[in-house]
Amino acid sequence: SAQAYNYFATRVAECIVGNNPDIAEALKTMKMRSPLHDNADLKIISLDNTIWHRSADNETEVMNTLCKLTDNATIDYRKKKATTSLYELQNNDGGFAWFKGCESSLWTTIDVLHTLGYINEMGYAEKSNSMVNDMVMKAINYCDEYFVTEYLNHPKYRPSLIAKAEGYVRIRAMHQAPKMNKTMKEIADTATLNMIDRRQQCSPVEKADIASYLATIGKTKEAELFVE
């Protein structure tokens, strides 16, 4: 969801600037005009309607946007706008929709959880943001219910469902999630064993992702196998 990405970008930028006074000071004193506008070599031609003109305008716009990261009011406004828009996309069942008024989408819901999960892993989670925390808990309950229902109602397709759940259980572990019920734990445990068993077939990126997950759930020895 674009709104989840907007919140992620704003929150991470807020923390980076807030934790690094030198960066904040540099942004405050940054020249608000692209050097391309003042390039003497380019003054012999008109920049209007050229790629140089567009590049200069784009760079100036980026510089101005960066400077706004030092303004607390701007940061608060962007976060509030993103969280409110995200809230409007969450249905009563806890799932997120592509567009307001549409049915909940498992893929979209997991994508939102994944994006917000990265904020947790970076140590930038807003523990006091009850709106975001409540949305996450509802989304996790929605996904848990989906996998449990499918697992119980369609035993024949459990292997494919377990494979589908692998990514979700890794993302779930990125959050301070509620305790799994018996069936969801069975799904997660089976998915985890499958990840370990197919270690040799994983890409380097997936190995890193699985290793991080295994370390998070306390399986450090298994995690070490993925980073050898």
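The model shown is predicted, which means the values in this text are computed figures rather than measured ones.
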K.L.:
Drop me the distance from Tyr87's OH to Lys100's NZ, to the nearest 0.5 angstrom.
P.N.:
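Separation between the atoms: 10.5 Å.
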
K.L.:
Measure the CD1-CG distance between Ile187 and Leu161 for me, rounded to the nearest 0.5 Å.
P.N.:
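If we round to the nearest 0.5 Å, Ile187:CD1 and Leu161:CG are 6.0 Å apart.
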
K.L.:
Indicate yes or no for a side-chain donor-acceptor contact from Asn120 to the backbone of Met174 under 3.5 Å, with no hydrogens or angles considered.
P.N.:
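Yes, because the side chain of Asn120 sits within donor-acceptor range (under 3.5 Å) of the backbone of Met174.
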
K.L.:
Could you grab the distance from atom OG of Ser105 to atom CZ of Phe96, nearest 0.5 Å is fine?
P.N.:
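One gets 11.0 Å once the value is rounded to the nearest 0.5 Å.
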
K.L.:
For the CE atom of Met180 and the CZ atom of Phe147, what is their distance to the nearest 0.5 Å?
P.N.:
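Going from the CE atom of Met180 to the CZ atom of Phe147 covers 11.0 Å.
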
K.L.:
Quick check: does any side chain N or O of Arg199 sit under 3.5 Å from a backbone N or O of Lys207, one acting as donor and the other as acceptor?
P.N.:
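No; judged by distance alone, with no hydrogens or angles, the pair does not exist.
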
K.L.:
Is there side-chain contact between Tyr118 and Val12, with heavy atoms separated by less than 4.5 Å?
P.N.:
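SC-SC contact between Tyr118 and Val12 ruled out.
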
K.L.:
Out of Leu116, Val112, Leu86, which one pairs with Met135 under the side-chain contact (heavy atoms from CB on, under 4.5 Å) rule?
P.N.:
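Exactly one candidate clears the test, Leu86.
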
K.L.:
Other residues, nucleotides and ligands only: do more than 12 of their heavy atoms fall within 6.0 Å of CD on Glu103?
P.N.:
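Open.
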
K.L.:
Do Asp134 and Lys138 meet the salt-bridge criterion of a basic N to acidic O distance under 4.0 Å?
P.N.:
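Answer for the salt bridge query: yes.
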
K.L.:
Which pairs count as ring pair (Phe, Tyr, Trp, His ring centres under 6.0 Å) when at least one residue sits in residues 169-221, sequence neighbours excluded?
P.N.:
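Every pair satisfying ring pair (Phe, Tyr, Trp, His ring centres under 6.0 Å) with a residue in residues 169-221: there are none.
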
K.L.:
What pair of heavy atoms forms the shortest contact from Cys143 to Thr109, and how long is it?
P.N.:
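Closest approach of Cys143 to Thr109, heavy atoms only: SG-CG2, 3.7 Å.
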
K.L.:
Is the count of non-hydrogen atoms from other residues, nucleotides or ligands lying under 6.0 Å from Glu88 atom CD greater than 12?
P.N.:
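Yes, CD of Glu88 has more than 12 neighbouring heavy atoms, counting only those of other groups under 6.0 Å.
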
K.L.:
Please check if Ile16 and Ile119 belong to a single hydrophobic cluster, counting links between Ile, Leu, Val, Met, Phe, Trp and Tyr side chain heavy atoms closer than 4.5 Å.
P.N.:
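Same cluster.
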
K.L.:
Taking the basic N atoms (NZ, or NE/NH1/NH2) and the acidic carboxylate oxygens, is any pair closer than 4.0 Å for Glu206 and Arg198?
P.N.:
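So Glu206 pairs with Arg198 through a salt bridge.
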
K.L.:
Answer yes or no: is there a donor N or O on one side and an acceptor on the other, between the side chain of Asn91 and the main chain of Asp93, under 3.5 Å?
P.N.:
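No; judged by distance alone, with no hydrogens or angles, the pair does not exist.
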
K.L.:
Do you reckon Ile196 sits in the same ILVMFWY cluster as Ile210, going by side-chain contacts under 4.5 Å, direct or chained?
P.N.:
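Hydrophobic grouping puts Ile196 with Ile210.
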
K.L.:
For the atom pair CE (Met137) and CG (Leu113), what is the distance rounded to the nearest 0.5 Å?
P.N.:
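Interatomic distance, Met137 CE to Leu113 CG, rounded to 0.5 Å: 8.5 Å.
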
K.L.:
Between Lys219 and Glu224 (salt bridge meaning N to carboxylate O under 4.0 Å), is one present in this structure?
P.N.:
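Looking at Glu224 together with Lys219, the answer is no, because their closest N to O distance does not fall below 4.0 Å.
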
K.L.:
Only pairs at least two apart or in different chains count here, so list each salt bridge (Lys or Arg N to Asp or Glu O under 4.0 Å) that has a residue in residues 169-183.
P.N.:
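Residue pairs with at least one partner in residues 169-183: Asp144-Arg172, Arg170-Asp209.
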
K.L.:
Should Val169 and Met184 count as side-chain neighbours, where that means a heavy-atom distance under 4.5 Å?
P.N.:
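The answer is yes; the side chains approach within 4.5 Å.
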
K.L.:
Are Thr74 and Arg78 side-chain neighbours, meaning at least one heavy-atom pair lies under 4.5 Å?
P.N.:
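They are in contact (side-chain heavy atoms under 4.5 Å apart), so the answer is yes.
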
K.L.:
Is the count of non-hydrogen atoms from other residues, nucleotides or ligands lying under 6.0 Å from Asn153 atom CG greater than 12?
P.N.:
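Yes - once you tally the heavy atoms of other residues, nucleotides and ligands closer than 6.0 Å, there are more than 12.
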
K.L.:
Between Lys164 and Tyr146, is any side-chain donor less than 3.5 angstrom from a side-chain acceptor?
P.N.:
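Note: Lys164 and Tyr146 side chains meet the donor-acceptor criterion.
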
K.L.:
Measuring from atom CZ of Phe226 to atom OG of Ser212, what distance do you get when rounded to the nearest 0.5 angstrom?
P.N.:
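Phe226 atom CZ to Ser212 atom OG measures 12.0 Å (nearest 0.5 Å).
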
K.L.:
Going through the distances and angles, do Lys80 and Tyr7 end up as a side-chain contact (heavy atoms from CB on, under 4.5 Å)?
P.N.:
CA-CA 8 Å; Lys80 184 176 181 180; Tyr7 175 76; over 6 Å; no

K.L.:
Are any of the side-chain nitrogens in Glu14 or Arg11 under 4.0 Å away from the carboxylate oxygens of its partner?
P.N.:
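The answer is yes: the pair qualifies as a salt bridge.
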
K.L.:
Applying the 4.5 Å side-chain criterion to the ILVMFWY set and letting contacts propagate, would Tyr77 and Met131 be lumped into a single cluster?
P.N.:
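Cluster IDs for Tyr77 and Met131 differ.
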
K.L.:
Checking Asn181 side chain against Thr183 main chain: does a donor-acceptor pair fall under 3.5 Å?
P.N.:
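Flag set: sc Asn181 to bb Thr183 pair under 3.5 Å.
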
K.L.:
Would you say the side chain of Tyr151 lies within less than 4.5 Å of the side chain of Glu186, judging by non-hydrogen atoms?
P.N.:
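SC-SC contact between Glu186 and Tyr151 confirmed.
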
K.L.:
Minimum heavy-atom separation for Ala215 to Ala223, with atom names?
P.N.:
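That closest heavy-atom pairing would be N-CB, 3.9 Å.
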
K.L.:
Could you tell me which non-hydrogen atom of Arg158 sits nearest to which non-hydrogen atom of Leu152, and how far apart they are?
P.N.:
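Here Arg158 and Leu152 meet closest at NH2-CA, 4.1 Å.
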
K.L.:
Same hydrophobic cluster for Tyr142 and Trp98, using side-chain heavy-atom links shorter than 4.5 Å among ILVMFWY?
P.N.:
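Different clusters: Tyr142 never reaches Trp98 through Ile, Leu, Val, Met, Phe, Trp or Tyr contacts under 4.5 Å.
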
K.L.:
Would you name the heavy atoms of Pro178 and Asn141 that are closest together and state the gap between them?
P.N.:
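Answer, listing the atom of Pro178 first, then Asn141: CG-OD1, 3.9 Å.
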
K.L.:
Nearest heavy-atom pair of Tyr5 and Asp111: which atoms, and what distance?
P.N.:
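Distance-wise, the nearest heavy atoms are OH-OD2, 2.9 Å.
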
K.L.:
What closest approach, in Å, do Thr115 and Ala4 show between heavy atoms, and which atom pair accounts for it?
P.N.:
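Smallest heavy-atom distance, with atoms named: CG2-O, 3.6 Å.
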
K.L.:
Verify the cluster assignment for Met122 and Ile171: are they in a single hydrophobic cluster under the rule of side-chain heavy atoms below 4.5 Å apart?
P.N.:
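Linked, Met122 and Ile171 end up in one cluster.
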
K.L.:
Using atom types as modelled and distance alone, determine if a side-chain donor or acceptor of Thr84 lies under 3.5 Å from a backbone N or O of Lys81.
P.N.:
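Side chain of Thr84 to backbone of Lys81, a donor-acceptor pair under 3.5 Å: no, none is there.
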
